[in-house]
Amino acid sequence: MNFTSKFIQAALGISFFKVEEIKNNSIKELLEIKSKIKEDPIVVENWFDNEINKIKNIIDNNSSIDIESLINKIK
């Protein structure tokens with residue numbers, strides 16, 4: 001295996017680790033917000049509005065973006 005292949009595999013390993021971390025954090029956050037649906041629906045509605053706005057900003061503001069910046073914005 002040449003240097004380029006090793007470099008690409010290392011970069012993918014780091015990216016997959018970050019994606020796994022984002023996944024776990026997202027699950028935790030979703031479970032927390034789910035527990036508030038009945039007790040505080042306004043908090044839940046505001047949370048969804050915030051998440052929707054984050055996604056809109058990722059798509060609208062990124063004509064050219066690197067993977068690291070994209071991962072950070074998704075967090």
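Excluded from the calculations below are hydrogen atoms, water molecules and symmetry mates; all remaining heavy atoms, backbone and side chain alike, are included.
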Check salt bridge (charged side-chain N to carboxylate O under 4.0 Å, His left out) between Lys23 and all other residues, then give those that pass, not counting sequence neighbours.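 Lys23 satisfies salt bridge (charged side-chain N to carboxylate O under 4.0 Å, His left out) with Glu20 only.
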Applying the side chain to side chain contact (heavy atoms under 4.5 Å, CB included) test to Glu21, which of Asn24, Val19, Asn25 qualifies?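 Testing Glu21 for a side chain to side chain contact (heavy atoms under 4.5 Å, CB included) against Asn24, Val19, Asn25 leaves exactly one candidate, Asn25.
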Apart from Ile52 itself, residues in the same hydrophobic cluster as defined by side-chain heavy atoms under 4.5 Å: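 Under the 4.5 Å side-chain rule, Ile52 groups with nothing.
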Can you tell me how far CD1 of Ile22 sits from CD1 of Ile27, rounded to the nearest 0.5 angstrom?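 Between atom CD1 of Ile27 and atom CD1 of Ile22 there are 12.0 Å.
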Let me check something: any side-chain donor-acceptor pairs from residues 35-47 under 3.5 Å, sequence neighbours excluded? List them with distances.
unit_1	atom_1	unit_2	atom_2	d
Ser35	OG	Glu32	O	2.6
Asn46	ND2	Ile42	O	3.3
Trp47	NE1	Glu29	OE2	2.7

Identify whether Phe48 and Ile55 are in the same connected component of the hydrophobic contact network (ILVMFWY, side-chain heavy atoms under 4.5 Å).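 Result: no, two separate clusters.
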